[in-house]
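What follows is a single structure, written as structure tokens, with notes after it.
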Amino acid sequence: MTIIFCFNTAVRRMARGVMVAVIVAACCGGGVAYGQKKNKTEKTSAVADEALLKIDCQMIDAKTQEEIGNKEGAARIYRKIMTERPSYAAAYYELGGMMLDKGAVDSALILTQKAISLEKTNLWYRLQETEIYERMQDYKRLAKCWEEIVNQHNDVLDYYYELADAYLMDNNGEKAIKVLDRIEKRYGVSETVSLHQKEIWEAMGRSDKALDEIEQLAKAMPHETKYSAMMAEVYMKRKDYKRAKQYYDQVLKNNPNDEFIHFSLANYYKHTGDRAAAHRELEQGLRQPTLGCMEKLHVISSYFVPSDLQGERLKEALGLTAIVTEQCGDEPEVAGFYGSLLMYDQQYAEASGQFKNLLRTDSSRYESWEMLLVCLNMSQAPRKEVHDYAKRAAKLFPLNIMPTYILGMHALMDRDYREAQKLLNRCEMMGFRHGYLEPQTYSMLGDCYYWLGDYSRAWKYFDKALKITPDDIGTLNNYAYYLSERGEQLEKALQMSKKTIEQEPENATYLDTYAWILHKMGRNAEALPYMEKAVKHNDENSETLTEHLRIIREAAGE
């Protein structure tokens, strides 16, 4: 069981300091010594009893010896007092405290109980007894002792807590609860007591009783909204949405600007199927200035699961994130999150703007560079802009493949085949994580080696690319055309080219390749209709296609 409250044991030991002050008063100004009852037959003046005054002064000497570290000397004096005046309770109490400090708990208990027998109502003696029982782990007697103290001093709140604590240490949670009930009867419902009762019920496996304590707090303290919120969450888990709403409304009434109540209500409306109301509550919560940017992003990301991010749901997520961006546009995490959603919605130009904002603040994360490069390519941004970002990224992250891949692709487009081959070979050396960009790199290396005149390597890389993606029509077309130009493996080239026109039967480039291979095989009559169709769909007015048509017509005898 959890210990709910520990009375400060140091306070208990203050009794010894009090003893010194009282005894000094007895020696120096008369009066009755601490620990000694006044007897009707005795004279009221301390001076009249020289023996008692002598013992009082011995107590001062003993305490002095104890304070300067002469424990043995102090103990001898206490024992001497006990011999000379066996009814002097304070000596037993002080020596019992010394025994307790030494760890001699049995001796400490005997001496303390002797002091109690001489002065049954002395609180300090009883407090020392509780300390001994606790040290002995005798929790039953500890609880009994605290019960007696509480009965004598029922106006001290701390003693009730100590009693409840003792019952808990004795694994008697029900009695501990009853003690706390006594506190509530005397002092009224309080947060501290109810929460302790909740913890005890939970430790006993009584979640229903623990919930009752929170509900009691929620009703007793309607302006302390956290308890109403806790009750609402409990009923949400139980799918008791009607009762949950009652508590949510109570929180909203007392604290309408609390962003969390709006998020909780959004969750409530989501579960009850009112998406419009849920979205409205989310908007209100996100517009509250007290919530941090990252907390707002967490709310959005937890509200939308990835499978939700399509159609209207994706538009909703974008709208909510735009609200956060208005307030937290300089935060890189916000820009990255918003950019990712825009990218998911295929708004590549807008997404690239967000990633640029992110990189201006934090350029240390490679993923942001890669997403920017993807967005720039997909939005058909100026090639120089793409090239500049790829160059910077390749310099910052030389072991990541995409920036180098883009630079290699640009070099190939510029017909700088040697530079392209060098960059793409570097990609190959880096390795392709999960096959990322692997077939594309091999295909472009095939192009490079073909134009560099290393045909065997070109065929090898084209074969490697097609092993991974056998139906990639760009690779199939280029490989087939290069083979036809070389007059090699024409049957293989024809079969590859046939796949391209089956997928795109009106593509002028693929029709031209197929017709040209047939021409190279001497099958000009077959080639002619494909070549004529290629020219018909030749939107770019390619002179090469027109020339191929002329050659094939002549070869076909037309």
Side-chain angles (χ1 to χ4, degrees), residues 7-136 138 141-142 144-146 148-149 152-153:
F7 187 60
N8 191 344
T9 55
V11 174
R12 304 174 191 172
R13 312 314 277 286
M14 285 173 62
R16 299 184 194 177
V18 174
M19 295 286 289
V20 175
V22 175
I23 294 170
V24 168
C27 283
C28 300
V32 181
Y34 184 87
Q36 181 62 42
K37 292 182 180 179
K38 188 188 297 183
N39 193 302
K40 292 181 180 180
T41 60
E42 289 180 322
K43 296 180 180 180
T44 57
S45 174
V47 177
D49 192 342
E50 293 183 3
L52 181 57
L53 183 59
K54 178 182 177 183
I55 291 174
D56 288 340
C57 292
Q58 286 177 326
M59 281 293 292
I60 294 176
D61 188 21
K63 289 301 295 182
T64 302
Q65 294 301 316
E66 189 177 347
E67 291 299 323
I68 66 174
N70 185 8
K71 305 293 185 181
E72 291 300 323
R76 281 196 300 271
I77 297 171
Y78 288 136
R79 290 191 181 97
K80 182 179 179 183
I81 294 170
M82 291 157 55
T83 301
E84 294 179 357
R85 197 175 186 90
S87 62
Y88 199 93
Y92 296 96
Y93 166 74
E94 291 293 343
L95 186 56
M98 288 182 62
M99 293 298 104
L100 181 59
D101 289 342
K102 289 175 62 176
V105 290
D106 291 332
S107 298
L109 181 60
I110 292 169
L111 290 164
T112 302
Q113 287 181 335
K114 177 64 177 177
I116 293 170
S117 69
L118 293 169
E119 287 191 27
K120 292 183 174 57
T121 60
N122 189 299
L123 175 62
W124 298 108
Y125 300 171
R126 299 311 300 269
L127 291 176
Q128 183 161 286
E129 185 183 24
T130 65
E131 192 175 349
I132 294 168
Y133 286 140
E134 189 170 340
R135 189 82 65 86
M136 296 173 73
D138 189 342
R141 286 202 284 179
L142 175 63
K144 183 180 178 182
C145 187
W146 277 115
E148 293 171 357
I149 292 173
Q152 292 175 12
H153 304 274

Leu123: which residues meet the side-chain contact (heavy atoms from CB on, under 4.5 Å) condition with it, sequence neighbours left out? Leu127, Ile149, His153, Tyr159
To the nearest 0.5 Å, how far apart are CG in Leu95 and CD1 in Ile110? 11.0 Å
Quick one: side-chain hydrogen bond (donor to acceptor under 3.5 Å, both in side chains) partners of Glu84, sequence neighbours excluded? none
For Glu148, give me all partners under side-chain contact (heavy atoms from CB on, under 4.5 Å), at least two apart in sequence or on another chain. Arg126, Lys144
Could you check if a side-chain atom of Glu134 sits within less than 4.5 angstrom of a side-chain atom of Glu131, using non-hydrogen atoms only? no
My understanding is that only residues two or more places apart in sequence, or in another chain, count here; which of them pass side-chain hydrogen bond (donor to acceptor under 3.5 Å, both in side chains) with Tyr78? Glu66
Does Val105 offer a backbone N or O that forms a donor-acceptor pair with the side chain of Arg135 under 3.5 Å? no
Value rounded to 0.5 Å, distance of SG in Cys145 from CD1 in Ile132: 9.5 Å
Count the heavy atoms belonging to other residues, nucleotides or ligands that lie under 6.0 Å from NZ of Lys71, then report whether that count exceeds 12. yes
After noting the C-alpha distance and the side-chain angles of Glu94 and Met59, does the key distance pass the side chain to side chain contact (heavy atoms under 4.5 Å, CB included) rule? CA-CA 9 Å; Glu94 291 293 343; Met59 281 293 292; 4.0 Å; yes
For Thr64, the side-chain contact (heavy atoms from CB on, under 4.5 Å) test, sequence neighbours excluded, returns Ile60
Is there a side-chain contact between Asp106 and Met136, using heavy atoms and a 4.5 Å cut-off? yes
Taking all heavy atoms of Ala108 and all of Gly96, pick out the closest pair and write down the distance. CB-O, 3.3 Å
Those residues at least two apart in sequence (or on a different chain) that pass salt bridge (Lys or Arg N to Asp or Glu O under 4.0 Å) with Arg141 are Asp138
Interatomic distance, OG1@Thr112 vs CD@Gln128, rounded to 0.5 Å, equals 4.0 Å
Side-chain touch Leu111/Met82, heavy atoms, less than 4.5 angstrom: yes
Rounded at 0.5 Å granularity, tell me how far CD1 in Ile77 sits from NZ in Lys80. 8.0 Å
Distance col, row Leu109:CG vs Leu100:CG, nearest 0.5 angstrom, shows 10.0 Å
Would you call Tyr92 and Ser87 a side-chain contact if the rule is heavy atoms closer than 4.5 Å? no
Specify the closest pair of heavy atoms between Ala115 and Ala89, including all atoms of both residues, with the distance to one decimal. CB-O, 3.5 Å
Looking only at side chains, do Glu129 and Tyr133 share a donor and an acceptor under 3.5 Å apart? yes
